[in-house]
S.K.: 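Dropping the structure in here first, questions after.
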Amino acid sequence: MVSFIGAGPGDPELLTIKGKKIIDSADVIIYAGSLVNPQVLDGAKDGAVIYNSATMNLDEVIGVMKDAEAKGLKVARVHTGDPAIYGAHREQMDRLDELGIDYEVIPGVSSFLATAAALKKEYTLPGVSQTVILTRMEGRTPMPPKEKLLDLAQHNATMIIFLSVGMLEEMSEILRQAYRPGTPVAVVYKASWEDQKIVYGDLSNIAQRVKEAGIRKTALTVVGDFLGDEYELSKLYDKTFTTEFRKGVTE
Ligand code: SAH
């Protein structure tokens with residue numbers, strides 16, 4: 001059995017209890033060493049064999065899983081954040097299907113959620129934005145034609161941009177064509193890690209500020225007026241509003 005585990009954004013205490021139990025009892029651990037905090041493996045049992053997938057290709061990863069399965073060993077495949085977001089675990093699952101190897105997926109706290117926590121902000125403010133777009137800039141992985149950053153930006157929704165902090169100058173130039181110029185932006189480096197850093201700015205100055213802070217990778221860029229202070233109060237906690245669980249009062 002192979003367990004794909006979302007290891008969370010960095011802080012080892014943000015690993016789920018279920019994920020930790022599987023890591024601690026696994027015979028073989030394959031972890032994405034470029035981003036997963038090695039401390040999430042601290043409870044691994046003596047004798048567990050640990051592989052860093054940063055130096056392995058897909059065939060090698062699958063080879064390790066196949067060998068372990070043949071020996072009846074338990075495999076923990078540890079991905080950063082949640083594997084469903086830029087985790088490249090689909091291609092592994094498909095190969096396991098072909099091989100008839102059983103697997104499960106344990107979700108994790110994605111870095112975009114740890115980023116909101118670090119910022120102490122809510123992505124979905126009434127009257128500001130009720131939509132969150134998770135995306136990236138085009139790098140070696142091309143963007144599908146209808147998902148160009150400029151097209152997505154037209155919505156002025158809350159936007160969270162992965163894998164792209166190295167292209168911040170180009171990114172903010174594109175975003176300025178769709179968001180109003182003073183739209184706030186924050187860049188969160190290593191959310192939830194001990195060396196977490198936050199840089200605030202707007203679409204015209206964020207690239208320079210992030211450069212000055214020396215941030216080049218492992219960061220998310222979040223854009224939108226949710227970072228500001230103007231919004232409407234929610235209906236959910238409005239005292240005059242009746243919900244399924246609570247009767248509203250008339251003022
Ligand atoms: N599956 C992961 C994302 C993997 S893609 C998740 O759910 O978070 C890798 C990108 O995620 C990085 O380039 C960076 O943009 C972002 N990232 C991962 N961990 C991060 C963290 N702790 N803080 C900020 N950004 C992070």
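Keep in mind that this is a model prediction, so the values were computed, not measured. Order of appearance sets the numbers: ligands from 1, and atoms from 1 within every ligand.
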S.K.: What side-chain hydrogen bond (donor to acceptor under 3.5 Å, both in side chains) pairs are there with at least one residue in residues 211-227, not counting sequence neighbours?
M.R.: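 Output for this query lists R180-D225, Q208-E212.
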
S.K.: Side chain to side chain contact (heavy atoms under 4.5 Å, CB included) with I206: which of V223, V165, T183, V185?
M.R.: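 In the set V223, V165, T183, V185, the residue that makes a side chain to side chain contact (heavy atoms under 4.5 Å, CB included) with I206 is V185.
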
S.K.: Around ligand 1, what residues show up once you keep those with a heavy atom under 4.0 Å from it?
M.R.: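 Residues near ligand 1: P9, L35, T80, G81, D82, I85, Y86, S110, S111, F162, L163, V188, K190, A191, W193, T218, A219, L220.
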
S.K.: When you look at K74 and S3, which way does the side-chain hydrogen bond (donor to acceptor under 3.5 Å, both in side chains) test go after all the steps?
M.R.: CA-CA 8 Å; K74 256 177 80 172; S3 303; over 6 Å; no

S.K.: Taking D82 for its side chain and G108 for its backbone only, find out whether a donor-acceptor pair lies under 3.5 Å.
M.R.: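 The answer is yes, because a donor-acceptor pair under 3.5 Å joins these two groups.
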
S.K.: Through direct or indirect side-chain contacts below 4.5 angstrom among Ile, Leu, Val, Met, Phe, Trp and Tyr, which residues connect to Y237?
M.R.: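 L236, all in the cluster of Y237.
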
S.K.: What residues join W193 in its hydrophobic cluster, counting side-chain heavy atom gaps under 4.5 Å, either direct or through other members?
M.R.: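 W193 clusters with nothing; isolated.
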
